[in-house]
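Values in this document were obtained by computation on a predicted structure and should not be read as measured data. Both counts, for ligands and for their atoms, begin at 1 and track the order of listing.
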Amino acid sequence: MKEKMEELKNKIMPDGKAMILAYDQGFEHGPRDFLEHPESANFEYILDIAIRGRFTGIVIHAGLAEKYANEIADSKVPLILKLNGKSELYTEEDPYSPQLYSVEDAITLGASAVGYTVYSGSKYEDDMLREFSKIIRQAHSKGILAIGWMYPRGKSLFARKTVSKTLKLALEEQEQTKLAIDETACIVAYGARIGLELGADMVKVKYTGSPESFRWVVRASYPTKVVMSGGPMTKTDEEFLSRLEDVLAAGAAGVAVGRNIWQRKDPFTISGKIHQLIYGS
Ligand code: FBP
């Protein structure tokens with residue numbers, strides 16, 4: 001089993017680095033994310049970007065994985081099946097993203113890894129922690145990898161009467177940096193650390209505004225690999241690339257990005273630049 005996992009790690013993280021194309025937004029945000037660039041609603045267009053852009057993994061839900069099973073297998077781009085999901089139509093302040101598919105489903109669909117979002121800080125965090133920890137154990141027992149989308153989120157991050165010690169520190173950090181609370185290194189590092197403690201092979205987290213602060217996130221979750229989440233499309237390629245440079249300098253393994261690729265008119269140029277930064281070619 002260990003050998004199989006090592007082989008998959010080398011596929012998804014050659015040289016310990018990862019460049020993953022995220023495409024679960026049609027579920028998480030809805031088709032509004034495709035309005036910017038309507039071709040992006042079509043998975044064939046996305047898979048072509050993953051192939052020609054030399055991505056080391058593609059993240060989708062089971063529906064697309066099933067419909068395009070042959071094309072994905074032919075592409076040789078490792079499949080990362082996202083096992084939980086929720087729509088943005090649900091607007092409660094404490095989010096819960098239920099598990100929708102199993103590790104068995106992922107294996108049947110040919111996945112090299114499974115993905116799961118944990119909203120720690122939500123009043124439903126215990127359900128998500130339980131689901132994700134079970135998923136990690138099952139994935140590892142079958143020899144595939146587990147990746148955590150570690151996004152602290154929910155009412156408790158805004159509570160001012162029952163403030164946790166971490167939140168106090170995050171508020172001080174926020175004073176100085178003016179970052180959103182869920183982008184402070186204090187909070188992001190906590191989410192990433194939970195991923196390590198549960199056993200995730202890789203965690204996907206938000207950018208914390210500087211290489212210095214991101215270094216703490218990487219250190220707090222070592223040896224779990226850390227990748228930066230893309231976020232909304234930046235005005236220029238350079239703005240996005242400079243964030244990537246920051247996190248790479250801080251020891252991150254790379255990026256798991258969606259909108260900053262496929263919302264652009266020219267997804268190939270930026271993909272090439274990202275590849276250059278991560279792999280030097
Ligand atoms: P982007 O690069 O487009 O931001 O995608 C990263 C991602 O984690 C997706 O996998 C997920 O669908 C989305 O962000 C969730 O975004 P939000 O922060 O709005 O929940």
- Task: Give the residue and atom name of whichever protein heavy atom lies nearest to atom 12 (O) of ligand 1, and the separation in Å to one decimal.
- Result: Asp24 OD1, 2.8 Å

- Note on the structure: Minimal heavy-atom distance between Trp149 and Asp24, with the atoms involved, is NE1-OD2, 4.0 Å

- Write out the residue and atom name of the closest protein heavy atom to atom 7 (C) of ligand 1, then the distance separating them to 0.1 Å. Lys204 NZ, 3.1 Å

- Greater than 12 external heavy atoms within 6.0 Å of Asn42's CG: yes

- Identify the closest protein heavy atom to atom 5 (O) of ligand 1: which residue and atom is it, and at what distance? Gln25 NE2, 2.8 Å

- When only distance counts, is Ala22 in polar contact with ligand 1, meaning an N/O pair under 3.5 Å? no

- Task: For atom 2 (O) of ligand 1, find the nearest protein heavy atom and state the residue, atom name and distance (0.1 Å precision).
- Result: Gly258 N, 2.8 Å

- Glu238 atom CD, over 12 foreign heavy atoms within 6.0 Å: yes

- Message: Let's go through Phe34 and Trp262 carefully: what are the C-alpha distance in whole Å and the side-chain angles of both, what is the deciding distance for ring-ring contact (aromatic ring centres under 6.0 Å, His included) to 0.1 Å, and is it a yes or a no?
- Response: CA-CA 8 Å; Phe34 307 138; Trp262 44 256; 5.5 Å; yes

- Tell me: protein heavy atom nearest atom 17 (P) of ligand 1, and distance? His29 NE2, 3.4 Å

- Is the Phe27 ring parallel, tilted or perpendicular to the His61 ring (thresholds 30°, 60°)? tilted

- Quick one: look at Tyr151 and ligand 1, take heavy-atom pairs under 4.0 Å, and tell me if it's side chain, backbone, both or neither. side chain

- Query: In terms of atom number and element, which parts of ligand 1 are under 4.0 angstrom from non-hydrogen atoms of Gly230?
  - Reply: 2 (O), 4 (O)

- Between Thr208 and Arg215, is a side-chain hydrogen bond (donor to acceptor under 3.5 Å, both in side chains) present by the stated rule, with each step listed? CA-CA 10 Å; Thr208 57; Arg215 196 162 291 133; over 6 Å; no

- Identify, for atom 18 (O) of ligand 1, the protein heavy atom at the shortest distance, and state residue, atom and that distance. Arg153 NH2, 3.0 Å

- Arg193/Glu197 ion pair, N-O < 4.0 Å: yes

- Taking only non-hydrogen atoms of Arg259 and a 4.0 Å limit, the atoms of ligand 1 in range are 1 (P), 2 (O), 3 (O), 4 (O)

- Message: Side chain or backbone, does Tyr119 bring an N or O within less than 3.5 Å of an N or O on ligand 1?
- Response: no

